[in-house]
Each structure stands twice: as C-alpha cells, then as structure tokens.
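Here is the structure we will look at.
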Amino acid sequence: MNSVFRRIDLTCKLFAPVATGFIISFVSLKASALALSLWNILSVLLQYFLFMSVFHGIPSLRERNQKRVAILSSMPRDSPSTSDQENKRSLLYAGNESELSKISWKRKMIERFFKIPYISAWMVYLQQDVVLPGVALALLYFTILSFGTLMTGALQWEGIPAYVIGIARGVSATIGIAATFLYPILQSRISTLRTGIWSIWSQWACLLVCVASIWVKSNLISAYMLMGGVAASRLGLWMFDLAVLQQMQDQVSESDRIVVGGVQNSLQSTLDLMTYVMGVIISNPQDFWMLTMLSFVLVSLAAGLYSLHIHRVRKHLVHFEKLFSILSWLRQPSQNRI
C-alpha cells in the first residue's frame with residue numbers, strides 16, 4: 001500500500017511540470033497560474049473532506065491516547081524518587097521552608113516544561129525504537145543532490161540547456177517510480193530491515209559519482225556526471241524511504257503513531273528548510289562543490305546511523321560466514337562445484 005501511494009505521488013510529480021508546460025505554451029502564463037491555484041484549492045478541500053471522513057468513520061481514532069498519558073505519568077518527573085522524599089523530610093524537620101518551596105517551584109517549572117505539547121511529542125519520539133532510522137531519513141532531506149532549484153540553478157550556470165535538465169529530471173522521476181515496484185519484491189525476500197540498509201548504501205554508492213565530478217576539469221562532463229549520479233541514487237532513496245515508513249508503521253504503537261509521524265514530518269521539513277539556508281550562505285555557483293560535499297557527508301551520516309540501528313537490532317551487519325562460503329565456492333575449480 002505504501003508503494004502504491006508513493007508511486008502515485010511520484011507520478012504526479014513527473015507529469016505536473018508537463019501539464020503546466022502545455023498550458024503555458026498553448027494558452028498563457030496567467031492561465032497556468034490560475035489553473036494551478038484552482039487545482040490546489042480543490043485538492044486541499046478534497047483532502048480535508050477525506051481526512052474528516054476517515055476520522056469520523058473509525059471511532060478508535062477519536063479515543064484519547066491512554067497509553068501515552070500513562071507513559072508520561074509514570075516518568076520520574078511525576079513521581080519523586082526516594083532521595084527526594086528523604087530530602088523533603090529532612091528539610092521539614094529542620095524547618096527550612098524556604099528551601100523546600102524553592103525545590104517545589106523548580107519541580108513545578110520542570111513539570112510545566114515537559115507538559116508543553118511540542119516537548120512531550122519529542123519525548124515520545126525519542127523513546128521509540130525507530131528513532132535512528134527516522135533521523136537517518138530526515139538527514140536525507142538536508143541535501144542539494146536532487147533536481148531542486150539549487151542544483152538546477154547550478155546546472156544552468158554551467159551552461160546545461162533547460163531541455164537537458166528536464167530530460168534528466170524525468171529520468172530521475174522514472175527511476176523513483178521504478179523503486180516503488182522493486183521495493184515490495186526485495187522486502188518480501190530479504191525483510192524490511194535489510195532492504196533499508198541495501199537501499200541507503202546503494203544511494204551512497206551512486207552519489208560517489210557526484211563527488212567524483214568535483215575533480216573533473218570539463219564542466220560539461222562534470223555536470224552530466226552530477227545529473228547521472230543523482231538520477232541513479234533515486235532508486236535507493238525511495239526504497240529507503242519506504243523501508244523506514246514501513247518500520248514506523250510496524251514498530252510504533254497505534255496510540256503514538258500520530259505523534260511520532262508529526263515529529264518526523266516536522267524534522268524533515270526543518271532539515272529541508274536548512275538546505276535553502278545553506279544555499280543562501282553558499283550562494284556562489286563556483287562554490288557548489290561545497291554543497292555537494294556537505295550533502296554527501298550527511299548521506300554518509302544517515303547511512304551510518306541506520307547501520308548502527310541494524311547492528312543494534314540484529315547484532316551484525318553482514319553474514320560473513322555466508323560470504324566466506326560463497327568466496328570459497330568460487331575459488332574451487334569448475335569441475336568440483338556441485
């Protein structure tokens with residue numbers, strides 16, 4: 001189901017610029033802006049209508065989050081420890097009421113701070129077993145290695161025609177759609193965890209081409225290497241996105257799923273915004289290689305965090321015994337292989 005929804009999303013992103021281009025070319029720019037505005041308004045209304053239909057159609061969605069409340073109420077800040085109680089007794093015995101009132105005031109401030117909805121949502125998020133995969137996925141939003149405005153502007157500055165960038169963007173979107181077909185096959189054969197680690201490291205490997213393009217002297221070849229590496233990396237990117245989403249749905253309790261999803265989306269949006277902040281700080285197209293290296297480092301960090309999660313869950317990353325058995329089998333003469 002997640003693959004189908006992601007496929008629809010990527011398909012719309014592929015054909016939306018084409019439809020807009022047709023309207024601009026054969027009607028006018030004003031008509032294109034008006035059509036997009038009306039489409040967005042109708043989409044928002046339809047989306048809210050569907051949300052409300054699902055909310056009222058499933059009674060369990062309207063129930064209070066009893067489990068989250070129980071977890072928060074059982075935290076140490078709500079139940080004083082034995083040492084705190086002994087300190088209170090000693091202070092009362094000594095008659096030091098001012099010191100006692102100061103401690104109670106600090107405790108009340110801490111309790112009020114942790115009861116702020118935003119803070120409590122982050123507390124729930126950090127307690128989840130999938131926090132490392134979530135942070136790893138969010139780090140992938142802090143990148144300019146995509147066919148966004150920053151990379152498009154840099155390519156145009158290099159002299160790449162707009163139609164070539166458009167073709168590369170279409171190829172990138174097509175590879176992303178192919179990932180939605182490939183993910184269910186891999187997930188059914190090697191599990192969600194393994195699909196995630198193979199996906200993130202395959203994306204990392206494809207981005208090595210982008211890093212290598214920094215040292216290519218020919219601007220044309222460098223630009224084509226950059227576009228090719230980014231387009232190829234979409235296969236691993238979207239499979240990793242689906243793998244992390246699947247893990248959040250499977251491992252996060254139903255009562256916490258909305259809160260965790262909200263924090264995850266806010267983290268991804270924040271890091272996506274940081275991409276444009278870095279574009280403002282490093283605004284010279286000649287320094288685009290700095291943004292490329294920064295993006296590659298963040299993807300490497302994301303791959304490392306997910307690998308750490310895999311090692312924590314499965315106690316290993318690779319079955320070395322199977323790898324060694326395959327290598328020993330390959331070293332045997334062909335007549336001895338069975």
Taking every non-hydrogen atom, the tightest pair across Pro133 and His309: CG-CD2, 3.4 Å

Partners passing ring pair (Phe, Tyr, Trp, His ring centres under 6.0 Å) against Trp289 (at least two apart in sequence or in another chain): none

Any donor-acceptor pair under 3.5 Å from Ser269 side chain to Ser266 backbone: no

Nearest heavy atoms of Leu298 and Phe142, plus distance in Å: CD1-O, 3.1 Å

Close side-chain approach of Leu50 and Leu46, heavy atoms under 4.5 Å: yes

side-chain hydrogen bond (donor to acceptor under 3.5 Å, both in side chains) between Ser253 and Asp256, worked out: CA-CA 5 Å; Ser253 62; Asp256 295 335; 3.3 Å; yes

Minimum heavy-atom distance Arg257-Met248, with the two atoms named: NE-O, 4.4 Å

Side-chain heavy-atom pair Asn284, Phe288 within 4.5 angstrom cut-off: no

Student check: side-chain heavy atoms of Leu139 and Leu305 closer than 4.5 Å: yes

Donor-acceptor under 3.5 Å (Ser222 side chain, Ser218 main chain): no

Greater than 12 external heavy atoms within 6.0 Å of Asp129's CG: no

More than 12 heavy atoms from other groups under 6.0 Å of CZ on Arg189: no

Indicate every side-chain donor-acceptor pair of residues 223-238 with a distance under 3.5 Å to a residue at least two apart or in another chain.
unit_1, atom_1, unit_2, atom_2, d
Ser233, OG, Gly229, O, 3.4
Ser233, OG, Val230, O, 2.7
Arg234, NE, Val230, O, 3.1
Arg234, NH2, Leu145, O, 3.0

hydrophobic_cluster_shared for Leu140 and Val277, side chain cutoff 4.5 Å: yes

Derivation and outcome, side chain to side chain contact (heavy atoms under 4.5 Å, CB included), residues Tyr125 and Val131: CA-CA 7 Å; Tyr125 179 80; Val131 61; 3.8 Å; yes

When the side chains of residues 150-171 are checked against the rest of the protein, which donor-acceptor pairs come out under 3.5 Å, sequence neighbours left out?
unit_1, atom_1, unit_2, atom_2, d
Thr152, OG1, Gly148, O, 2.6
Thr152, OG1, Arg169, NH2, 2.9
Arg169, NH2, Phe147, O, 3.4

Hydrophobic cluster identity match, Leu245 and Leu186, side-chain contacts under 4.5 Å: no

May I have the list of side-chain donor-acceptor pairs in residues 200-209 shorter than 3.5 Å, sequence neighbours left out?
unit_1, atom_1, unit_2, atom_2, d
Trp201, NE1, Ser307, OG, 2.9
Ser202, OG, Trp198, O, 3.1
Ser202, OG, Ser199, O, 2.6
Trp204, NE1, Ser300, OG, 2.8

Residue pair Tyr276 / Thr149, side-chain heavy-atom distance below 4.5 Å: yes

Connected via hydrophobic side-chain network under 4.5 Å: Leu273 and Leu267: no

CA sep, side-chain torsions, deciding dist, call: Thr192, Gln187, side-chain hydrogen bond (donor to acceptor under 3.5 Å, both in side chains): CA-CA 5 Å; Thr192 305; Gln187 191 269 340; 3.0 Å; yes

Pairwise side-chain contact, Thr275 with Thr143, heavy-atom cut-off 4.5 Å (strictly under): no

Side chains of Leu137 and Gln264 in contact at under 4.5 Å (non-hydrogen atoms): yes

Partner set under ring pair (Phe, Tyr, Trp, His ring centres under 6.0 Å) for Tyr183, not counting sequence neighbours: none

Stepwise side chain to side chain contact (heavy atoms under 4.5 Å, CB included) check, Ile214 with Thr292: CA-CA 8 Å; Ile214 297 175; Thr292 301; 4.1 Å; yes

Connected via hydrophobic side-chain network under 4.5 Å: Leu193 and Ile190: yes

Polar side-chain atom of Asn265 near backbone of Gly261 as donor-acceptor pair, under 3.5 Å: yes

Heavy-atom side-chain contact between Tyr141 and Thr270 under 4.5 Å: no

same_hphob_cluster(Phe181, Ile175) at 4.5 Å side-chain heavy-atom cutoff: yes

Could you go through residues 1-10 and list every donor-acceptor pair under 3.5 Å that involves a side-chain atom there, pairing it with any protein atom two or more places apart or in another chain?
unit_1, atom_1, unit_2, atom_2, d
Asn2, OD1, Gln249, NE2, 3.2
Asn2, ND2, Gln246, OE1, 3.3
Asn2, ND2, Gln249, OE1, 2.9
Arg6, NE, Asp241, OD2, 3.2
Arg6, NH1, Asp9, OD2, 3.4
Arg6, NH2, Asp241, OD2, 2.8
Arg7, NE, Thr180, OG1, 3.0
Arg7, NH2, Thr180, O, 3.1
Asp9, OD2, Lys13, NZ, 3.4

Nearest atoms (heavy-atom pairs only) where Gly196 meets Tyr306: C-CE2, 3.5 Å

